[in-house]
**Student:** 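What follows is a single structure, and I will ask about it in a moment.
We number each residue from 1, following the sequence as shown. Whatever order the structure lists them in is the order used to number ligands and atoms, beginning at 1.
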Amino acid sequence: MTQLQLKKLSGYVGAEISDIRLADINDDTFAAIQNALFEHGVIFFREQFLTPEQHIEFAERWGEIDVSRFFNGVEGYPQIAEVLTKRDQKIVIGGHWHTDQSFDPAPAMASILSAQQLPEFGGDTLFASMGAAYDHLSEGLKATLENLNAWHSDASFGLAAQVLDEHFSADGITKPTLHPVIIRHPVTGRKAIYVNDAFTTHFEGWTVEESQPLLKYLYQYAVQPSFCCRFTWSPGTVAIWENRLVQHYAAADYQGQKRLMHRITIKGTGLM
Ligand code: OGA
Ligand code: MN
């Protein structure tokens, strides 16, 4: 197996991998990258400068591309979502803790984000390990959560679409979907907490009001600084995160500057 040049970014989540050109890797290296993603939850590759074709080709190694029903596609490449903050825009896409597309019956597995245009300062992305969050729960709360499912909904995108009207559409809003609160990673079996403040609404069989206190506790507990890493982008960098292992958060601290990222999302399987 290929040995990767890898540096962990924090105790529980994130690793930067160097000496790799993603546009030119063999199957062995890809297998090592896959293992690294499943181990670290999110991995980063600097100075890749992928063309749209290279981005798509690399993404297709992971599985089927999930064409976003909400984001505008990059011109000529509908598979690539444009994650854009315009100069005068106050609300940033992903500017809250979330898991991409947890509202889908088979939620996105990975997201591959490629930096196109970065602000002069700010615009970091934070990631939190939902595996570490699970591990540190008490045995009592683990046992309670193991038996729960929660509803997830994309309804909050309706509001986002009103604010981000030109490059974001609410047309895709669908029915809520149910997932286990504790999931097992389909490849490694790693257990992780799978609720998030952006899309989870309530526990199955509980009212919204009954669910709120425990959900709110989990939202803030799961993203405590010890379970997180924070990544500062540089030109051409590519990040890949595993939505079944991490939550992420885009820092909205570069007001008055443009930021443009290209994102491809990979379809997942149903959750266990
Ligand atoms: C996303 C997202 C974070 C960022 O594209 O899903 O949350 O830093 N992006 O742009
Ligand atoms: Mn996101």
Side-chain angles (χ1 to χ4, degrees), residues 9 13-14 16 37 41-46 48 50 52 55 59 62 65-74 77 79-87 89-104 107-130 152 154 156-157 159-161 163-164 167-169 172 194-200 219 222-223 228-255 257-268:
L9 297 186
V13 64
E16 192 171 323
L37 180 66
V42 55
I43 49 180
F44 305 93
F45 302 84
R46 294 199 187 266
Q48 299 297 317
L50 297 182
H55 194 176
W62 293 87
I65 292 176
D66 185 353
V67 179
S68 175
R69 57 184 191 271
F70 296 109
F71 289 81
N72 274 358
V74 169
Y77 303 96
Q79 305 97 315
I80 306 179
E82 196 165 68
V83 179
L84 169 68
T85 311
K86 288 187 290 193
R87 212 172 274 284
Q89 189 176 313
K90 295 205 170 51
I91 294 195
V92 163
I93 289 171
H96 45 254
W97 283 107
H98 67 285
T99 307
D100 289 340
Q101 280 159 250
S102 73
F103 44 73
D104 283 340
M109 172 224 168
S111 302
I112 307 175
L113 197 64
S114 170
Q116 303 295 311
Q117 198 175 328
L118 297 169
E120 271 179 37
F121 55 81
D124 290 359
T125 310
L126 288 82
F127 297 85
S129 167
M130 293 303 105
H152 295 245
D154 54 11
S156 62
F157 275 11
L159 259 176
V163 181
L164 306 168
H167 59 278
F168 194 80
S169 145
Y194 197 76
V195 291
N196 71 89
D197 200 2
F199 305 127
T200 309
Y219 298 152
V223 300
C228 293
C229 71
R230 177 175 184 137
F231 186 74
T232 301
W233 296 83
S234 54
T237 297
V238 171
I240 310 170
W241 62 84
E242 226 300 1
N243 285 298
R244 300 162 308 187
L245 296 172
V246 299
Q247 288 194 49
H248 59 287
Y249 179 110
D253 59 351
Y254 51 95
Q255 278 71 19
Q257 300 182 72
K258 180 181 169 184
R259 180 176 182 270
L260 174 64
M261 315 294 263
H262 283 179
R263 190 185 84 186
I264 298 183
T265 302
I266 311 297
K267 283 188 182 170

**Student:** Which label fits Phe103 and Phe199: parallel for a plane angle under 30°, tilted from 30 to 60°, or perpendicular past 60°?
**Tutor:** perpendicular
**Student:** I need the minimum non-hydrogen distance between Asn196 and Ser102, along with the two atoms involved.
**Tutor:** ND2-OG, 3.0 Å
**Student:** Could you say whether the N/O atoms of Asp124 and ligand 1 ever approach to under 3.5 Å?
**Tutor:** no
**Student:** With distance as the sole test, does Glu120 use its side chain to make a donor-acceptor pair with the main-chain N or O of Tyr254 at under 3.5 Å?
**Tutor:** no
**Student:** With a heavy-atom distance limit of 4.0 Å, tell me whether Val92 approaches ligand 1 through its side chain, its backbone, both, or neither.
**Tutor:** neither
**Student:** I need the Asp66 CG to Ile264 CD1 distance, nearest 0.5 Å.
**Tutor:** 11.0 Å
**Student:** Atom 1 (C) of ligand 1: which protein heavy atom is closest, and how many Å away?
**Tutor:** Arg263 NH1, 3.3 Å
**Student:** In terms of residue, atom name and distance, what is the protein heavy atom nearest to atom 3 (C) of ligand 1?
**Tutor:** Ala250 CB, 3.7 Å
**Student:** Which ligand 1 atoms are under 4.0 Å away from a heavy-atom of Thr125?
**Tutor:** 4 (C), 8 (O)
**Student:** Which label fits Phe44 and Trp233: parallel for a plane angle under 30°, tilted from 30 to 60°, or perpendicular past 60°?
**Tutor:** perpendicular
**Student:** With heavy atoms of Asp100 as the reference, note each atom of ligand 1 found under 4.0 Å away.
**Tutor:** 6 (O)
**Student:** Any nitrogen or oxygen of Trp233 lying under 3.5 Å from a nitrogen or oxygen in ligand 1? Just yes or no.
**Tutor:** no
**Student:** Is there a nitrogen or oxygen of Arg259 sitting under 3.5 Å from a nitrogen or oxygen of ligand 1?
**Tutor:** yes
**Student:** Nearest 10°: the angle subtended at the Mn ion (ligand 2) by His98 NE2 and His248 NE2?
**Tutor:** 90°
**Student:** I need the minimum non-hydrogen distance between Phe70 and Ser68, along with the two atoms involved.
**Tutor:** N-OG, 3.0 Å
**Student:** Please could you name the atoms of ligand 1 that Leu113 approaches to less than 4.0 Å, counting only its heavy atoms?
**Tutor:** 4 (C), 5 (O), 9 (N), 10 (O)
**Student:** Checking Asn243 side chain against Asp100 main chain: does a donor-acceptor pair fall under 3.5 Å?
**Tutor:** yes
**Student:** Determine yes or no for a side-chain-to-main-chain donor-acceptor pair under 3.5 angstrom, with Arg259 supplying the side chain and Gly123 the backbone.
**Tutor:** yes
**Student:** What's the atom name of the N, O or S in Asp100 nearest to the Mn ion (ligand 2)?
**Tutor:** OD1
**Student:** Which is it for Trp241 and ligand 1 at heavy atoms under 4.0 Å: side chain, backbone, both or neither?
**Tutor:** side chain
